[in-house]
Amino acid sequence: MRRLLICGMAACCWARGLAAQPVPARDLWEFPLGAVLEPAALAAEPGAGLWNPAASALRPGERIRLGVASLSTGAQQGVDGQLLSASIRRASGTTLGLSVARTSVAGLVRTESDPQSVGDISYASVLVSATAAKTLMPHVTGGLAVRWREGRADQAVNTAIAADLGVVIHDLPWQNARVALSSFLWRPGREIDDRPAFVAAVDARVIGDSASRELRLGLSQNDVNRGATERGPFLSGRLDRLEARAAIVRASAGGSTVTRIRSGLAVYYARYVVGVAREEGISGLGPVYQFTLSSILKE
């Protein structure tokens with residue numbers, strides 16, 4: 001993917017990049033960690049609400065949700081990401097969550113006057129998020145996230161605090177439609193340096209009469225300030241324990257546009273949900289693979 005090339009160039013030229021990016025490795029958060037199976041604004045498969053804090057809300061009767069996600073480009077010089085999350089619904093109806101995510105570029109080596117490697121270049125970022133989500137009115141759930149981010153590029157390390165707001169409008173009378181909006185990595189007054197993102201999605205049920213037997217169609221959009229823009233349609237269909245999902249993503253950055261296909265399967269068994277997804281690679285680069293596992297404990 002084009003983002004991988006951007007990450008590699010940024011890591012190799014970290015000193016110059018730091019002048020415009022106080023916290024290194026912001027590019028790594030343009031990878032869809034935990035959001036290959038679902039649009040980022042609606043992604044709740046690992047139970048994290050990483051991209052939209054409102055998506056972490058648990059429904060009445062659900063007590064605790066635990067989730068993990070792992071993403072890898074599968075290339076020798078690629079991006080890896082891991083996510084751990086936990087959410088708990090309190091008696092008041094508020095869902096509190098905590099997640100820890102890490103992304104890094106592997107295979108970047110340091111050289112001196114000749115091609116012989118003399119060590120590795122570290123290019124990685126850690127993101128810790130504390131979230132709260134609650135139903136504000138019928139069909140409307142709001143969420144808030146406070147995030148601590150560390151970025152590392154070779155010997156340079158810096159940190160930042162961000163806060164995000166999100167909303168999910170759900171279970172609407174017309175075709176069980178949903179609308180989701182959220183910011184991501186927003187630091188008021190530092191939009192140029194930190195390049196916050198805006199994620200959005202809308203979908204509706206076109207066939208079926210319940211969440212376990214339905215076909216949904218929608219559109220998603222992700223915009224990074226002074227960065228990449230992604231948009232496209234997505235489709236999901238569930239029949240009892242099996243759910244299939246697919247999306248066509250058209251990404252624009254730096255004057256060029258590419259189209260990728262995301263697809264995956266999710267299996268529901270007892271209180272567990274296991275998901276496997278794939279994003280097609282382009283320009284000779286390897287595809288992105290994602291594995292997710294979540295579990296819900298009910299009251």
Side-chain angles (χ1 to χ4, degrees), residues 31-72 80-89 95-102 129 131 133 135 141 143 145 166 168 170-171 176 178 180 182 199 201 203-218 220 234-247 261-279 287-299:
F31 282 80
L33 177 60
V36 179
L37 270 175
E38 303 172 280
L42 289 167
E45 200 62 62
L50 176 66
W51 301 94
N52 183 353
S56 67
L58 295 172
R59 293 179 175 272
E62 298 176 344
R63 178 63 175 169
I64 297 174
R65 178 163 53 191
L66 305 174
V68 297
S70 178
L71 178 146
S72 175
D80 291 313
Q82 299 82 36
L83 169 66
L84 298 174
S85 67
S87 302
I88 182 170
R89 180 183 171 94
T95 298
L96 302 178
L98 180 67
S99 67
V100 180
R102 182 182 186 275
S129 304
T131 61
T135 298
T141 298
V168 177
H170 52 86
D171 300 317
N176 194 245
R178 298 182 297 176
S182 182
V199 299
D203 75 345
R205 180 184 293 158
V206 294
I207 298 176
D209 55 7
S210 68
S212 61
R213 299 177 69 88
E214 65 176 359
L215 179 68
R216 303 185 70 92
L217 178 65
S220 69
F234 63 92
L235 181 71
S236 66
R238 180 175 173 184
L239 182 61
D240 298 326
R241 294 183 177 180
L242 185 64
E243 184 171 9
R245 299 171 180 167
I261 296 177
R262 293 174 181 166
S263 59
L265 293 173
V267 178
Y268 296 76
Y269 182 76
R271 64 176 185 268
Y272 298 98
V273 182
V274 179
V276 178
R278 185 179 190 269
E279 179 183 281
V288 173
Y289 294 95
Q290 177 183 273
F291 168 81
T292 59
L293 172 65
S294 62
S295 176
I296 294 179
L297 304 180
K298 297 185 176 182
E299 296 178 348

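Because only heavy atoms are used, hydrogens play no part in the values below, and waters and symmetry mates are left out as well, while side chains stay in.
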Check for a donor-acceptor pair, side chain of Arg245 on one end and backbone N or O of Ala277 on the other, with a separation under 3.5 Å.
-> no

Under 4.5 Å between any side-chain heavy atoms of Asp240 and Arg213, yes or no?
-> yes

Hey, does the side chain of Ser294 reach the backbone of Glu45 with a donor-acceptor pair shorter than 3.5 angstrom?
-> yes

Do the side chains of Arg216 and Asn176 get nearer than 4.5 Å, heavy atoms only?
-> yes

Short question: side chain of Ser129, backbone of Leu50 - any donor-acceptor pair under 3.5 Å?
-> no

Please round to the nearest 0.5 Å and tell me the distance separating atom CD of Gln290 and atom CG of Leu37.
-> 5.5 Å

Thr292 side chain near Val274 side chain, heavy-atom distance below 4.5 Å = no

Does Arg238 pair with Glu214 as a salt bridge, N-O distance under 4.0 Å?
-> no

When rounded to the nearest 0.5 Å, the distance separating CG of Asp203 from CG of Leu217 is 8.0 Å

Ser99 versus Thr131: any side-chain heavy-atom pair under 4.5 Å?
-> no

Could you grab the distance from atom OG of Ser56 to atom CG of Leu96, nearest 0.5 Å is fine?
-> 9.0 Å

Pairwise side-chain contact, Leu297 with Arg271, heavy-atom cut-off 4.5 Å (strictly under) = yes

Which value, rounded to the nearest 0.5 Å, describes the distance between Asp171 atom CG and Arg178 atom CZ?
-> 8.5 Å

